[in-house]
Amino acid sequence: MTVFRFSKRQWFVLKLLVFMLCLWPFLSISWDAFNDALGADPIQRLHFVTGDWALRFLLISLTMSPLSQVFKLPLPIRFRRMLGLFSFFYASLHALVWLVLDQSLSLDNMLNELPESPYIILGFIAYLMLWPLALTSNIIAMRALGSKWHSLHRSVYVIAVVGLVHFFWLTKLDISEPLIYAAVLVLLLMFRWPLFKKKLV
Ligand code: HEM
């Protein structure tokens, strides 16, 4: 495996660059919100941007180990945790937009909405499943959980499937975007399947 020797300073700059790139959708949507430029339906725009990026970062984080393996580079895998946590960050914003802006934190509103939009239940399930992964994505939890850590973090593939079904379900006309994400997920699963069988990931 090719080992790049980054100095501490280079490594810090690279991490900061990736961090700022990941934060870009948030900064961009905040700028639009601040300037009253979210369009005709601001809440829907917030739903779309945060939901899209939650799913995109989830899938991008999953491509890191295959990239490392195929190109024999250790670098991508070192960004996996940050990318996964950004998925959780955007999913949390996405959930908050619904809970606070859409439903005004009213349980009555939520209970009325759920039978009309059952795909939201799937969104909730995916979001709740992200919590244990976010909470255990640190070295202390990794050491404490040992081999159970890998079993727990394998559930990220289930979360991606649930998130995708949520997306397909709510999409009424053009399904090209969820189809692209589904194709990426199928490729990732095909790549990981031999390792799953051997319980190596
Ligand atoms: C509490 C959890 C969640 C709730 C309440 C929720 C709710 C919603 C709502 C209301 C929409 C907009 C539907 C519309 O206006 O037509 C939406 C869209 C979306 N959600 Fe969620 N969701 C949740 C969790 C998630 C999670 C965890 C993911 C991804 C991992 C996700 C991915 C998406 C995507 C990709 C879209 C569509 C964006 C687009 O059309 O461009 N959601 N969700």
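Remember, it's 1-based here, ligands and their atoms both numbered in the order they're listed.
- A side-chain contact (heavy atoms from CB on, under 4.5 Å) with Gln103 holds for exactly one of Asn109, Asp108, Ile120; it is Asn109.
- Formation of a donor-acceptor pair under 3.5 Å by the Asp36 side chain with backbone atoms of Ala33 is not found in this model.
- Ring pair Phe57/Trp53 is tilted by interplanar angle, where 30° to 60° counts as tilted.
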When you check ligand 1 against the protein, what N or O pairs turn up below 3.5 Å? List the atom names and distances, or just say none.
residue	atom	partner	partner atom	Å
ligand 1	15 (O)	Gln44	NE2	3.1
ligand 1	20 (N)	His94	NE2	2.8
ligand 1	20 (N)	His166	NE2	2.9
ligand 1	22 (N)	His94	NE2	2.8
ligand 1	22 (N)	His166	NE2	2.9
ligand 1	41 (O)	Asp52	OD1	3.0
ligand 1	41 (O)	Asp52	OD2	2.9
ligand 1	42 (N)	His94	NE2	2.9
ligand 1	42 (N)	His166	NE2	2.9
ligand 1	43 (N)	His94	NE2	2.7
ligand 1	43 (N)	His166	NE2	2.9

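- The aromatic rings of Phe88 and Trp131 stand perpendicular to each other, their planes meeting at an angle above 60°, with 30° marking the opposite boundary.
- Between His166 and Tyr119, the ring planes lie tilted relative to each other; the angle falls in the 30° to 60° range.
- Between Tyr181 and Phe167, the angle of the ring planes lies from 30° to 60°, which puts this pair in the tilted group.
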